[in-house]
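Here's the structure, in structure tokens; my notes come after.
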Protein chains: 2
Amino acid sequence: MSVTIKDVARIAGVSPSTVSRVISNHPRISRKTSDKVKQIMTELGYHPNIMAQSLVSRTTNTVGIILPRPAEELFLNLFFSEVIRGIVSQTSRAGYDLLMTSGATEAEEVEAMTRLVRGRRIDGVLLLHSRSNDPMIKLLKEEEFPFVLIGRSADDPDIVSVDTDNVQAAYDAARHLIMQGHERIGFVSGPPNLMVSQDRLAGYRKALKEAGLETRDEWMVEGEFLQESGYRAMSFIMNLPEPPTALVVTDDVVTFGVVRGLTELGYRVPDDISLVSFNNIALAEMSTPPISSVDIGIYQLGYTASHSLLRSIQGETGGQTRMIIPHRLVVRESSLKSDRHWR
Amino acid sequence: MSVTIKDVARIAGVSPSTVSRVISNHPRISRKTSDKVKQIMTELGYHPNIMAQSLVSRTTNTVGIILPRPAEELFLNLFFSEVIRGIVSQTSRAGYDLLMTSGATEAEEVEAMTRLVRGRRIDGVLLLHSRSNDPMIKLLKEEEFPFVLIGRSADDPDIVSVDTDNVQAAYDAARHLIMQGHERIGFVSGPPNLMVSQDRLAGYRKALKEAGLETRDEWMVEGEFLQESGYRAMSFIMNLPEPPTALVVTDDVVTFGVVRGLTELGYRVPDDISLVSFNNIALAEMSTPPISSVDIGIYQLGYTASHSLLRSIQGETGGQTRMIIPHRLVVRESSLKSDRHWR
DNA sequence: ATGAAAGCGCTAACAC
DNA sequence: GTGTTAGCGCTTTCAT
């Protein structure tokens, strides 16, 4: 079938262990033998059987992720592509591969994870999000399996995680609107059970409170990370007796829905209502009008999480448990009243 | 360390081979033994070591993909997320996992693929695109390794592939504009070396020719799958002495750039210029104005490719070599002149 | 219906 | 420096 270490050994006239040593660049192997073996290897097109290597070395050079089940949550908003790109670019550089799987239900997800972890199929896990009381985290902790969370866990402040300072990010966004002179500022949020939603809401509230501005519950709406959510939110919010004059919106894609909703209702952005959003996807800049957005460095989030996981797999201890990727508010037209200028 | 088949065997008072038989649901194993062993397995939290299974079974229950290197090409336009979702949902259902890797250069990509294929780390490969004279395809054919291409190969018409009928899709798009009464129709294309670009251009040309309309080279511009490409194309196209009154654009994201460019130049869509695009991403509907777009079923593309690959891995022979996922033009405001209506 | 033994392809003591 | 040997955890004849 496939060419094995034995074939190479036989043809090179050495023992299999010598070939193995050549593969792993063992120090005390004669230059001559090494060269000869290497030549035979390329002649034969030999490549080590990775499964056999894994079996004996008890490592797989693979990290795993479970695809988020409610695909909409992460997929449509471009978060997924970008974070994967960050992850893979780091893992590949380090000689690791990324294994993805999924489950149709939460039970299946946990089952899949168990299979990978206990079956020693992977060396570590990246968690793309966490719910409160997350069974994945429970499992991984029980198994003492290396993992890194992208985001924040409510229950376990001591697990290794890479996150945005969402409280501060939302604070910055709201603060920017306040500086523009707005006094009635609303908030279009994502799913309330996610930490990211809770943190951003907290930051928004903090900014308003600090500025002595009113916070009304009716100015805060929850939804999904979908355009429809933003769209629908507008028919509610703009029909209030006293609608806000500015909105902090939790995601660019949701903001597109918001803009569309406002346009249909006859409002103009930013003249009638100002917007600040999150994630700063490429489309935010190209939108009409261009959307002010907090860039949270999604690629960097993936890259850093990946890096940290590999460190912990390789037994390096004592990194920080909570790493924060810096964010940056990119101001564009959507939050600049035409007669004013941001400075 | 981890609990193995031997531990289970010892505690259950049977031999390892019996335990193995229980795992694989061997027919002639007594109900009683099976139950006992299964109970012990759950008690001990036993999970088979996947690497050991793979080593002996010579299969990995894993399919591989190489992340496209020029990330922009596939990532920004949402194609990637959606196709991955289709792939994983199918593979997971069938008990397979997806392994992703990447390379910084083309040489590294081929090297990574070689490692996976010859190292027997995966059972099959999904190709997300193909260039002409693709070294990946060459390698896979040499190794007689199962693979399925999403897209079309210029060189090898006989390889198994799943694709959109892009000629027909572009024909439909152009035809729609012609029916709207347009006589000067332009085309904003993607990278000219990709089959998808060539096919769509061909379909566009065919529709115009059939209708006896003029095709001018200056009405056709090439670019990337980026908004910037669409944006820049407009300053060129609209400065022509006789600019087109309608455009077929190869991708929704590019179209957003086109809209932005047109807006800045003072043109309105669709009143001054009509647009039809491809891919029908969720944002197309929420855009201002909503974009007419050809839905090519990206999820389905991934799902079908995945399905076909698994069939071929499992030795089923004689499927079609070229599968076409049906497309569908979704007409929205961007291609409907305000005083006319599509019927 | 079950056990014993060989071996998947590789690595890692332990010899010399 | 290199060969010999004994597994890694599992499956699979071949016996019984």
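So that the names make sense, note that chain A is the first sequence line, chain B the second, and so on, each numbered from 1.
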### Summary
Separation of C/dC10 atom P from A/Ile23 atom CD1, nearest Å, is 6 Å
### Message
Please classify the nucleic acid contact of A/Val14 as base, sugar-phosphate, or nothing, using heavy-atom distances under 4.0 Å.
### Response
sugar-phosphate
### Task
For atom CG of B/Asn133, decide whether the heavy atoms of other residues, nucleotides or ligands shown that lie under 6.0 angstrom number more than 12.
no
#### Entry: salt bridge (Lys or Arg N to Asp or Glu O under 4.0 Å) partners of A/Glu143, counting only residues at least two apart
A/Arg118
### Message
Quick one about A/Arg21 and A/Thr33 (side-chain donor to acceptor, distance below 3.5 Å, no hydrogens or angles considered), yes or no?
### Response
no
### Task
Name the closest nucleotide to the A/Arg21 side chain, picking from D/dC8, D/dT2, C/dC8.
D/dT2
### Query
Taking the nucleotide of DNA chain C with the closest heavy atom to each, which residue, B/Ser17 or B/Ala52, is nearer the 5' end?
B/Ser17
### Task
To the nearest Å, give me how far apart CZ (A/Arg121) and C1' (D/dG9) are.
15 Å
### Message
Just the rounded figure in Å: distance from P of D/dG9 to CE of A/Met51.
### Response
16 Å
### Query
Hey, does the side chain of B/Asp97 reach the backbone of A/Thr101 with a donor-acceptor pair shorter than 3.5 angstrom?
no
### Task
Compare side-chain N and O positions of B/Arg58 against OP1 and OP2 of C/dG9 and report whether any pair is under 4.0 Å apart.
yes
### Query
Given D/dG3, C/dC10, D/dC10, which nucleotide is nearest the side-chain atoms of B/Thr4?
D/dC10
### Under-4.0 Å side-chain N/O to phosphate OP1/OP2 contact, A/Gln53 with C/dG9
no
### Query
In residues 24-39 of chain A, what residues come within less than 4.0 Å of DNA chain D, judged by heavy atoms?
A/Arg28, A/Ile29, A/Ser30, A/Thr33
#### Entry: Nearest-Å distance for atom pair CG/C1', residues A/Asn61 and C/dC10
15 Å
Which pairs would a plain distance check flag for residues 42-52 of chain B, meaning a side-chain donor or acceptor within less than 3.5 Å of a matching protein atom at least two apart in sequence or in another chain?
from: B/Thr42; atom 1: OG1; to: B/Lys38; atom 2: O; distance (Å): 3.3
from: B/Thr42; atom 1: OG1; to: B/Gln39; atom 2: O; distance (Å): 2.8
from: B/Glu43; atom 1: OE2; to: B/Gln39; atom 2: NE2; distance (Å): 2.7
from: B/Asn49; atom 1: OD1; to: B/Met51; atom 2: N; distance (Å): 2.9
from: B/Asn49; atom 1: OD1; to: B/Ala52; atom 2: N; distance (Å): 3.0

### Message
Taking 4.0 Å as the cut-off, does a side-chain nitrogen or oxygen of A/Ser20 come that near to OP1 or OP2 on C/dT11?
### Response
yes
### Message
If I take atom CD1 in residue A/Ile50 and atom C1' in nucleotide C/dT11, what distance separates them, rounded to the nearest angstrom?
### Response
16 Å
### Query
Would you say the side chains of B/Thr18 and B/Ser15 form a donor-acceptor pair under 3.5 Å?
yes
### Message
Any side-chain N or O of B/Thr18 below 4.0 angstrom from OP1/OP2 of C/dT2?
### Response
no
### Task
May I have the distance from A/Asn49 (atom CG) to C/dT11 (atom P), rounded to whole angstrom?
10 Å
### Query
Could you state the OH-C1' distance from A/Tyr46 to C/dC10, rounded to the nearest angstrom?
7 Å
#### Entry: Distance, rounded to the nearest Å, where B/Leu55 contributes CG and D/dT12 contributes P
12 Å
### Summary
The reported gap from OG1 in A/Thr304 to OH in A/Tyr299 (rounded to nearest 0.5 angstrom) is 10.0 Å
